[in-house]
Amino acid sequence: MQQAMDLTRYKGRQRSELIEILWDIQKSCGGISKQLQSSLAEQLNLSTSTIEEVVTFYHFFSEEYRGKNQIYLDTSIIAQHRGMKEIRETFEKELGSKIGGLSSCGTIGLFETACIGMSDQSPAALIDFVPFPKLTPKKVEIIVKELKAGVSAKEIAKKFGLGDGANASKFVRTPVCNNIQKKGDVFFTKWKKGEAVSSALSKKPNEVIDMITASGLRGRGGAGFPTGMKWKIASELSADQKYIVCNADEGEPGTFKDRLLLTEFAGLLIEGMKVASYAVGADKGFIYLRAEYFYLRDHLEKQIKDLESKGLLKDFKLKVKMGAGAYVCGEESALLESLEGKRGEPRMKPPFPVEVGLFGKPTIVNNVETFVLAAQVMRYGPQHLNKMGTEKSKGPRLLSISGDVEKPGIYEFPWGVTVAEVLKICGAKNPKIVQVGGPSGTCISKNDFVRQLAFEDLPTGGSFMVFDESRDLFEILENFMQFFVDESCGNCTPCRAGNVILRDLLKKINLGKARPSDLQKMIDWGTLVSKTSRCGLGMSSPNVLLTSFKSFEDEFKNKIKNSDELFFDFDEEKATKEYREFHRE
Amino acid sequence: MGKKVISTVSLAGCFGCHMSVLDIDLKLLDLVELVEFNRSPLTDIKTFTKKVDIGLIEGGCCNAENVEVLREFRKNCDILISLGECAVMGGLPALRNHLSLEECLEEAYCNVPTNKGNKIIPKHEDLPELLDRVYPCHEVVKIDYFLPGCPPSGDVIWSALAALLNGDEPKIAKHLIKYD
C-alpha cells in the first residue's frame, strides 16, 4: 500500500526544487498518488496539473504504488544478448509477479528500464537504485530471498563483493567495476588536487578561454560544439547571473564512460567546472546526474565538500541535482527545463542555452568528459590535447565498448582511430555489426571498418557496441526503435508519431510482410522525422535505420515480399476466429 | 478507343465517398462520355460482367464479406484505388479496434439506450462473420492509389480519374488535400 506522508514540510519551497521533492515522496511512499499530488500542489502553491505533468513525465516517478523495494531491469540490447530474459524470468518466478507488477508479498515491484550504464557488466539491474551488475539466476534467488527478509539493497550488494577503485569507497560501496581496459596519457594521469584550478586562477579569464580554444577541445556529448567558442560567447555576455551545468545524464544506450569519470575523476570534473566558472564569470553550478547513477551522488557531494574545504571552490557554489529517468534530458535544453523542476521537454533553439539558459540566464552546459578534459588542459597546456587526433577532432576519446568482445569496458583512444583497430584491441570475434555512437549513431558493417572515429567521419558520444555473426540485425534495430518510441518526450509530432511509424515499419519488414514500397517509405519517413523534429532525439533517431539499410541492404531486401503480388496473405481464418468463438459460448 | 470501364463499391463505409463521386457535378457529363460503369451501386450491377480498368473502393474491411468483395475487385480491376479515409486507414469503423469484439457487440445490441435489456446478439449463417478488427484495404490486397479525405472532395476524385483516363500518374494538388 502507498504510504501517507505529511507534506507540510514542503510549504513555500521553490518550483525548481520540485524534482527533489518528488524524489523524496516517491522514495518514502513508493509512489506519488493523485492525492499526494494535490496536497503537494497546495503546499507549493502550484496547480495540481503542474505536479501531475511532471510526475507522469519521468520514468522513475509513478502515480501507482511501486513497492517498498523497486527493481528495474536493464532492457538494452546488450543486456538481452547477455541473458536478461532468463534473469527476468527468475525474478518473476521468485517474486511471483510479472514485469510491471508487485510481488505476491505486495512489497517488491519489478519493472524494466532503458540502459542503466552497465553494458560492460551486463545483465544488470537497479534495486532501490543500487546497481547489481553481472546478474545470474543464482544471484537473483539470493537477492529476492534477502529482500523478502528485509535486508537493504546496499547490504545485499556488499555480499556480492565490492568493485574496484572508488566503487569500494565509503561513499559508493557497490559491486560496480570500472573495467578500465586501455589507459591513455590524457585521462589517466595522477590527479593533484587543485592543480587545474590554481593554474586557471593564475591567468586572466580570457587567457583560460584561449587555452581551451587552442587545445581544439570539442564537446564530448556527441554534437562536438567547440568548447572554447561556447565559453567565449558566455564570457562576453553581461548578465547578473550565469550558470555552469555539467551534463551527467549519460543516457545513450551502451555508454558508460561518464560512470567511470564520475567515480574516479570526480575531483577533476569539479575542478573543470570551477575553471569554466572562472573563465565565464559564473558563480553557480549544477551537476545534473541521471537517476540511474543515484549511487554516485554521495560520492560527488563528498568530493565537492573536499574541494570546498580546501578553498578551491571559492565564489563557486556547486550542487548535484538528480534526474528522474528520461533519455531526452541528455539534450541540453531539456536538461535545463528539468533543472527548473519541469517536464524535460526540449526548448526551441535558438536562442541557445549559452545565451538564454537556466532560469533565462547565460549557461554553459558541457558533458562530464568535456569538463575533465578542460581541467587537464589547464594542467598540461593546450598542446597536450592538440598534438593528437585529426584535423577537426583533437585529443583523446573515451570509448565505452560493449557487446561481443573479449574485453568490454573503457578505452582511451586518440580521435582518428579506425574501427578495425578498436575491434582488434578489444578482442572482437567475427564482428558483423558495429553501432558507433549508440542507437542515435551509425550502424556499420565490415565494409566500413576502415573508417575513422572522428567528427569528420564517424562521430560518437562514446558508445561502441559490437555484434558478432550470431546476432540478428532486426532484433537489434527493433530494440533501438522501441527505445526511441519510449523516450520521445511527445512534444513534437514528427518524433512522437514518426518513431512509432518507423518502428512499425521495421516490425513489418522483420515479419516478412513488407513490400518494396515499404523500404522507400522507411527512408522517406526517416528523412522526414530527422529533418522536422525539434531536438536531437528525433533528428537522430532514424539514423540507425537509414545507416543500417545502407550497410545491410541485402538483409533488408531478403525480408521483402515479391512486388508483383496482388493478393496479400491476409489470414481470414485467424481474423474471424474471435467472432466464431464468441458465438460458440 | 472504347470507353474505359469503372467499378465502385462501398465496404465498411458510409457511402459518403460515393456521394462525393456525384459531387463532381457537371464534370459527370464529361465522365460518362469517357467511361462506362460496370459493377457499382450506381448501376446496381451486382457482379462483374467484363474486365474493369479502374476500381474505386470505399471503406475498409470489417467482415468476411468485405474481404471477399475486395478480392473480387482485385481480380477484375487493373487499377485499384482506396477512396477515402476508411479504405485508406480504416477510418471511423476502426475506432472499435481497441475494443474486443465482445465488448463491441454487447454495446451495440445489449447496452444501447434504445434497446436496453435486450440480450440477443444476432447470428445467422447469412450474416457475414465479423473480423477481429477493421483492416484498411491495403492489408488485404495490393492497392495502387490512395485518395485521402473524409470524403475526398469531388475535385480530388475528378483530378485522379482524369489523370488515369489520360494515361498519366495522378498527382493531387496540395491545396485539395490540405484540411487545416
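By convention in this document, chain letters (A, B, ...) are assigned in the order of the sequence lines, proteins followed by strands, and residues within each chain are numbered from 1. All figures in this text were calculated on a predicted structure; none of them were measured in a lab.
Between chain B and the options A:K574, A:K577, A:E572, heavy-atom pairs under 4.5 Å are most frequent for A:E572. Of the listed residues (B:L105, B:L80, B:D144), the greatest number of heavy-atom pairs within a distance under 4.5 Å of chain A belongs to B:L105.
Along residues 114-141 of chain B, the residues that come nearer than 4.5 angstrom to chain A, judged on non-hydrogen atoms, are B:I121, B:P122, B:K123, B:P128, B:E129, B:L130, B:L131, B:D132, B:Y135, B:H138, B:E139, B:V140, B:V141 in order of number. Contacts with chain A (heavy atom to heavy atom, under 4.5 Å) involve these residues of residues 49-76 of chain B, listed by number: B:A64, B:V67, B:R71, B:R74, B:K75.
Within the structure, ring pair (Phe, Tyr, Trp, His ring centres under 6.0 Å) pairs that include any residue of residues 484-532 of chain A do not occur (at least two apart or interchain). For the salt bridge (Lys or Arg N to Asp or Glu O under 4.0 Å) condition, the pairs that include at least one residue of residues 47-56 of chain A, sequence neighbours left out, are A:K34-A:E52.
Other residues, nucleotides and ligands contribute more than 12 heavy atoms inside 6.0 Å of the CG atom of A:L511. Annotation: A:K550, atom NZ; neighbour count of heavy atoms from other residues, nucleotides and ligands within 6.0 Å does not exceed 12. Around the CD atom of A:Q35, the shell of radius 6.0 Å holds no more than 12 heavy atoms that belong to other residues, nucleotides or ligands. Other residues, nucleotides and ligands contribute more than 12 heavy atoms inside 6.0 Å of the CZ atom of A:F567. Counting non-hydrogen atoms of neighbouring residues, nucleotides and ligands closer than 6.0 angstrom, the NZ atom of A:K559 exceeds 12 such neighbours. By the neighbour-count criterion of 12 heavy atoms within 6.0 Å, atom CE of A:M539 is densely surrounded, having more than that number from other residues, nucleotides or ligands.
Contact annotation: the side chain of A:Y579 approaches that of B:L101 to within less than 4.5 Å [non-hydrogen atoms, C-beta and beyond].
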